[in-house]
Asker: 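Submitted below is the structure of interest, expressed as structure tokens.
Please read all numbers here as calculations on a predicted model, not as lab measurements.
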Amino acid sequence: MSETVKLIGCFGSAPVHRAEVALRLKGVPYELITEDLSNKSELLLKHNPVHKAVPVLLHGDRRPAVCESLVIVEYVDEAFDGPPLLPPEPLARATARFWARFLDDKYFKAMWVALWTEPGESQAASAREAKESLTLLEEQLPEGKRFFGGDAIGFLDIAASGVALWLGVLEEIAGVRLLDQEEHPALYRWAMDYAADEAVRQCTPDRDYLLVALMARKHLYVSTAKAMAAH
């Protein structure tokens, strides 16, 4: 009998989506434990005492739990049978990890400041940097392939899922456009293909509900962006 898999997550979380889609692509049954981040449970605090954040993966009785979205994706890829998410070649794996780190570090900060700070020189500079980052990401799409992973969704596609599914909603709330079909036609097409995948659709939140949920957090996004812009 296979070990049970539980995922501690919450509604509307792009990092949680990363973990969910990895499990679904590998064909791993799992239980989603929905967390209220305004009143964090003892279960979450016990298994992620460092960051106290979702997602957290519980695999049977194995401890410690696996925390952080991309760490979970790599763990799922190695621990379970199914189609590989990371490329087989060492250089290709390293390259996928590099661009995933690029998204979480360089792109995310520029994108967040561009969306949630007041119009001005700093906001405009961040918008340019975010668009330049999207251009660099677009250049990583293999010619003639639908996904960064080739013919199927892979590690970098999952890492970039926030661009495909969340960015448009955030742009609508903020009134700022970063991903444009004319400027980034290949990346725009990729985003449509990613969103249309059946495994992805099974763990994609309803857009209208997501819009309402993220709108309610706008004040938090603005305060976070101000702090990021100051450093």
Asker: Might you confirm whether atom NZ of Lys6 has over 12 heavy atoms from other residues, nucleotides or ligands at distances under 6.0 Å?
Answerer: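 Not buried by this count: 12 neighbours or fewer within 6.0 Å.
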Asker: Check the hydrophobic clustering (I, L, V, M, F, W, Y; side-chain heavy atoms under 4.5 Å; chains of links allowed) and say if Val28 and Leu86 are grouped together.
Answerer: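 No, Val28 and Leu86 fall in different hydrophobic clusters.
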Asker: Identify whether Val73 and Val21 are in the same connected component of the hydrophobic contact network (ILVMFWY, side-chain heavy atoms under 4.5 Å).
Answerer: yes
Asker: Indicate whether the side chain of Glu138 and that of Tyr188 have a donor and an acceptor atom separated by less than 3.5 Å.
Answerer: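 No pair is found: no donor N or O on one side chain lies under 3.5 Å from an acceptor on the other.
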Asker: Do Phe108 and Ile72 land in one hydrophobic cluster if side-chain heavy atoms of ILVMFWY residues count as linked below 4.5 Å?
Answerer: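 No, Phe108 does not connect to Ile72 through the hydrophobic network.
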Asker: Hey, could you give me each pair passing salt bridge (Lys or Arg N to Asp or Glu O under 4.0 Å) that has a residue in residues 33-56? Not counting sequence neighbours.
Answerer: none
Asker: Should the ring pair Phe102 and Trp99 be called parallel, tilted or perpendicular, given that the plane angle runs from 0 to 90° and is split at 30 and 60?
Answerer: perpendicular
Asker: Examine distances only and state if a side-chain atom of Ser223 and a backbone atom of Leu220 form a donor-acceptor pair shorter than 3.5 Å.
Answerer: yes
Asker: With sequence neighbours left out, write down each residue that passes salt bridge (charged side-chain N to carboxylate O under 4.0 Å, His left out) with Lys226, or none if nothing qualifies.
Answerer: none
Asker: Search all heavy atoms of Leu178 against all heavy atoms of Ala130 and return the closest pair with its distance.
Answerer: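 In terms of heavy atoms, the two residues are closest at CD1-CB, 4.2 Å.
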Asker: Would one find more than 12 heavy atoms of other residues, nucleotides or ligands at under 6.0 Å from atom CZ of Arg217?
Answerer: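 Above 12, so yes.
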Asker: Could you tell me which non-hydrogen atom of Leu137 sits nearest to which non-hydrogen atom of Ala160, and how far apart they are?
Answerer: CD2-CB, 4.3 Å
Asker: Could you tell me how the ring of Trp112 sits relative to the ring of Tyr221: parallel (under 30°), tilted (30 to 60°) or perpendicular (over 60°)?
Answerer: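 Judged by the thresholds at 30° and 60°, the geometry between Trp112 and Tyr221 is perpendicular.
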Asker: Quick one, Gln123 and Ser126 - any side-chain contact, counting heavy atoms below 4.5 Å?
Answerer: no
Asker: Which atom names give the shortest non-hydrogen contact between Gly12 and Leu214, and what distance separates them?
Answerer: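 Where Gly12 meets Leu214 most closely, the heavy atoms are O-CD2, 4.2 Å.
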Asker: Of the non-hydrogen atoms in Val56 and Asn48, which two are nearest, and what is the gap between them?
Answerer: CG2-CB, 3.7 Å
Asker: Parallel, tilted or perpendicular: which describes the rings of His59 and Phe80, with under 30° parallel and over 60° perpendicular?
Answerer: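 Ring orientation of His59 relative to Phe80: tilted.
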Asker: When rounded to the nearest 0.5 angstrom, what is the spacing between CG in Leu58 and CD1 in Ile8?
Answerer: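 Between Leu58 CG and Ile8 CD1, I get 4.5 Å after rounding to 0.5 Å.
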Asker: Counting only heavy atoms not in Asp61 (residues, nucleotides, ligands), do more than 12 fall under 6.0 Å from its CG?
Answerer: no
Asker: Considering non-hydrogen atoms only, spot the tightest contact between Leu7 and Pro55 and give its length.
Answerer: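 Nearest heavy atoms, Leu7 then Pro55: CD1-CB, 3.9 Å.
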Asker: Taking only Lys NZ, Arg NE, NH1 and NH2, and the carboxylate oxygens of Asp or Glu, determine whether Arg18 and Asp104 approach each other closer than 4.0 Å.
Answerer: yes
Asker: Using a strict threshold of under 4.0 Å (side-chain N to carboxylate O), is an ion pair present between Arg24 and Glu198?
Answerer: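 No salt bridge links Glu198 with Arg24.
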Asker: Going by the rule salt bridge (charged side-chain N to carboxylate O under 4.0 Å, His left out), which residues pair with Glu183 if we only count those two or more places apart in sequence or in a different chain?
Answerer: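 Glu183 satisfies salt bridge (charged side-chain N to carboxylate O under 4.0 Å, His left out) with Lys131 once adjacent residues are dropped.
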Asker: Do any N or O atoms from the side chain of His17 and from the backbone of Cys203 form a donor-acceptor pair under 3.5 angstrom?
Answerer: yes
Asker: Applying salt bridge (Lys or Arg N to Asp or Glu O under 4.0 Å), which residue pairs with at least one partner in residues 65-76 are found, sequence neighbours left out?
Answerer: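 Those involving residues 65-76 are Glu74-Arg97.
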Asker: If you look at every heavy atom in Leu156 and Ala96, which pair is closest and at what distance?
Answerer: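 In terms of heavy atoms, the two residues are closest at CD1-O, 4.1 Å.
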Asker: So if you build clusters from Ile, Leu, Val, Met, Phe, Trp, Tyr with side-chain heavy-atom gaps below 4.5 Å, do Val113 and Trp166 land together?
Answerer: yes
Asker: Could you tell me whether Arg146 and Asp151 have a side-chain N and a carboxylate O separated by less than 4.0 Å?
Answerer: no
Asker: Once you round to the nearest 0.5 Å, how far does NZ of Lys145 lie from CD of Glu143?
Answerer: 11.0 Å
Asker: Are Val5 and Val71 linked, directly or through other ILVMFWY residues, by side chains that come within less than 4.5 angstrom of each other?
Answerer: yes
Asker: How would you list all residue pairs meeting ring pair (Phe, Tyr, Trp, His ring centres under 6.0 Å) that involve residues 135-161, not counting sequence neighbours?
Answerer: Phe148-Trp190
Asker: With sequence neighbours excluded, what pairs up with Met215 under the side chain to side chain contact (heavy atoms under 4.5 Å, CB included) test?
Answerer: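 With neighbours one apart ignored, the set is Ile173.
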Asker: Does Asp157 use its side chain to pair, donor to acceptor, with the backbone of Gly154 at less than 3.5 Å?
Answerer: yes
